[in-house]
> 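Take a look at the following structure, please.
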Amino acid sequence: MKSFWLVAICLCFSFSAQLSRAQPTLLGSVNSVAVECELKTVKLYGAGGIAGLDSYQSGFFFSRDGHILTVWSTVLDVDKIIAVCSDGSRYEAEVLGIDPNLEIAVLQTDQKPASFFQLNEATSAEVGERCLAFSNLFGIATGTEMSSLQHGVIMAITELKARRGSIESFYQGQAYIIDAMTNNPGAAGGALTNIRGELLGILGKELKDSGANTWINYAMPVGELKDSIQRILEGKSILRNKDRRPLADRPMQLANLGIVLVPDVLSKTPAYVDLVQRDSPAAKAGLQADDLILFVNSTRITSQKTLVEELKYIDRTEGLALLVQRGAKLQEVIVSR
């Protein structure tokens, strides 16, 4: 019996020795992939800091022209977003366009990045495949520090049906479900890759599964987003330049529509409807209190100020189309005069 245990112990030591010799090679390979991907990811800083809203999130470069893909959130509600890379380089970025249905945004910088993911080289994952998640969760990195790297496995590929607090996610497409704690504050917009560093998807916002009432960790596959990203790059989500449009002779005003907004107390207070006057054009069109106005005639509304400015280009005799967020859904409201 003693000889049996002696042999067993020797075999264990032999296996451990082989593992220790092999491990540096494995770690070196992963480290090489990690460093390469880290240089493509960015830490984003913008609006926030009030009402529990974070002022930071994640993103990654996807073109040599300095385009950044991230999620659409209140962090982006500033004129200039600061993007910081792991090598310490800093970029000023602005929103080029958004897709509210997918909750993604494309940012534009005025500098060319040293490294970036190529969307046409992005691939898809299979259930059981190992993956890497790169993000600045909890804002642990601020300058030259590397963002967080998490290793996980694709546990499922399924339709996303979840909510954020009591609000459902706008994105309802295919999603990678990950067995790692990837979706935390600041992680949204981070990159998901396979073990070889090939881009798989973008980390989404914090969500709860509406059935199991548990937090889920997921990413949106790049294949679900490519068409939308291309439309944004082509300028299809960007409207005509306001500077070239003539002001209306009799510009429309909120009072004409019967809309009262919440108090404008921030630099970019969202265009939330506080009250709709009875029998007003807005009331007849079905606009409701607590609606958040996102678009006017396809023009992106980022604040109450931009809403008021946009109405100056619309004559009182014209109708207008409003896209509003009502609870968990997007609702189109056509106001006629």
Side-chain angles (χ1 to χ4, degrees), residues 27-49 53-98 104-122 131-151 182-205 219 222 225 229 232-233 238:
L27 288 177
S29 176
V30 173
N31 285 344
S32 176
V33 169
V35 171
E36 183 179 353
C37 292
E38 281 279 3
L39 296 176
K40 302 174 184 177
T41 60
V42 292
K43 304 174 277 283
L44 299 175
Y45 300 93
L53 298 176
D54 297 318
S55 60
Y56 60 92
Q57 62 186 51
S58 306
F60 55 86
F61 287 112
F62 69 91
S63 82
R64 66 177 70 257
D65 295 322
H67 294 114
I68 298 172
L69 183 63
T70 185
V71 298
W72 174 37
S73 76
T74 55
V75 174
L76 308 182
D77 284 339
V78 290
D79 294 331
K80 294 293 183 181
I81 301 112
I82 302 300
V84 182
C85 299
S86 297
D87 61 2
S89 56
R90 299 171 63 89
Y91 301 82
E92 280 193 351
E94 57 185 17
V95 177
L96 179 64
I98 67 167
I104 61 170
V106 174
L107 311 183
Q108 172 72 65
T109 67
D110 58 0
Q111 303 179 53
K112 297 185 182 298
S115 187
F116 58 91
F117 289 107
Q118 297 195 44
L119 295 187
N120 60 358
E121 295 182 359
C131 60
L132 303 174
F134 300 85
S135 71
N136 190 28
L137 73 167
F138 298 115
I140 62 173
T142 56
T144 57
E145 304 94 345
M146 293 285 191
S147 298
S148 296
L149 166 61
Q150 294 171 288
H151 177 216
T182 54
N183 299 70
N184 288 293
L192 183 75
T193 75
N194 57 24
I195 203 69
R196 297 177 297 279
E198 298 169 330
L199 184 64
L200 296 176
I202 179 174
L203 299 180
K205 300 177 181 179
V222 172
L225 315 175
I229 294 171
I232 293 174
L233 293 177
I238 305 297

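Note that the numbering runs from 1 along the sequence shown for the chain.
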> Mind checking whether Lys43 and Thr142 have side chains closer than 4.5 Å, heavy atoms only?
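Answer no - side chains too far apart.
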
> Work out which heavy atom in Leu149 is nearest to a heavy atom in Ala34; give both atom names and the distance.
CD2-CB, 3.5 Å

> Are any non-hydrogen side-chain atoms of Val42 and Cys85 less than 4.5 angstrom apart?
yes

> Find the distance between CD (Glu92) and CD (Gln108) and round it off to the nearest 0.5 Å.
13.0 Å

> Testing the basics here: between Arg64 and Pro113, what is the closest heavy-atom pair and its distance to 0.1 Å?
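Closest approach of Arg64 to Pro113: O-CD, 3.6 Å.
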
> For the side-chain contact (heavy atoms from CB on, under 4.5 Å) test, which of Asp79, Leu76, Val106 pairs with Val95?
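For Val95, the side-chain contact (heavy atoms from CB on, under 4.5 Å) check succeeds only for Leu76.
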
> Could you tell me if the side chain of Leu199 sits less than 4.5 Å from the side chain of Gln118, heavy atoms only?
no

> Please confirm whether the backbone N or O of Val71 pairs with a side-chain atom of Gln57, one donor and one acceptor, at under 3.5 Å?
yes

> Given side chains that start at C-beta, do those of Ile229 and Phe62 come closer than 4.5 Å, heavy atoms only?
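Side-chain contact under 4.5 Å: yes.
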
> Starting at NZ of Lys205, measure out to CH2 of Trp72 and round the result to the nearest 0.5 Å.
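Answer for the NZ-CH2 pair, Lys205 versus Trp72, is 7.0 Å.
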
> What do the steps show when you test Val222 against Ile202 for side-chain contact (heavy atoms from CB on, under 4.5 Å), and what is the final call?
CA-CA 7 Å; Val222 172; Ile202 179 174; over 6 Å; no

> Between Ser63 and Asp65, is there a side-chain donor-acceptor contact under 3.5 Å, judged purely by atom types and distance?
no

> If you look at every heavy atom in Ala133 and Leu203, which pair is closest and at what distance?
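Distance-wise, the nearest heavy atoms are CB-CD1, 4.2 Å.
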
> Rounded at 0.5 Å granularity, tell me how far CZ in Phe116 sits from CG in Leu69.
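Atom-to-atom, Phe116:CZ and Leu69:CG are 14.0 Å apart.
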
> Measure the shortest side-chain to side-chain distance between Ile98 and Ile232 over non-hydrogen atoms and say whether it is less than 4.5 angstrom.
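A side-chain contact under 4.5 Å is absent here.
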
> Taking atom OG1 of Thr193 and atom NZ of Lys40, what is their separation to the nearest 0.5 Å?
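The NZ atom of Lys40 is 9.0 Å from OG1 of Thr193, to the nearest 0.5 Å.
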
> OG1 of Thr109 to CG of Leu96: how many Å apart, nearest 0.5 Å?
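Reported to 0.5 Å precision, the distance equals 10.5 Å.
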
> Hey, what do you get for CD1 (Ile81) to OG1 (Thr70), rounding to the nearest 0.5 Å?
9.0 Å

> Below 4.5 Å, heavy atoms only, C-beta onward: do Thr41 and Glu38 meet side chain to side chain?
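Yes; the side chains approach each other to less than 4.5 Å.
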
> What class does the angle between the rings of Phe60 and Phe117 fall in, given that below 30° is parallel, 30 to 60° is tilted and above 60° is perpendicular?
perpendicular

> Give the minimum heavy-atom separation between Gly190 and Ser135, together with the two atoms involved.
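Closest approach of Gly190 to Ser135, heavy atoms only: CA-CB, 4.2 Å.
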
> Could you tell me which non-hydrogen atom of Phe138 sits nearest to which non-hydrogen atom of Tyr56, and how far apart they are?
C-OH, 3.2 Å

> Quick one: closest heavy-atom pair of Thr182 and Ala187, and the distance?
O-CB, 3.1 Å

> Indicate yes or no for a side-chain donor-acceptor contact from Asn136 to the backbone of Leu44 under 3.5 Å, with no hydrogens or angles considered.
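Absent.
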
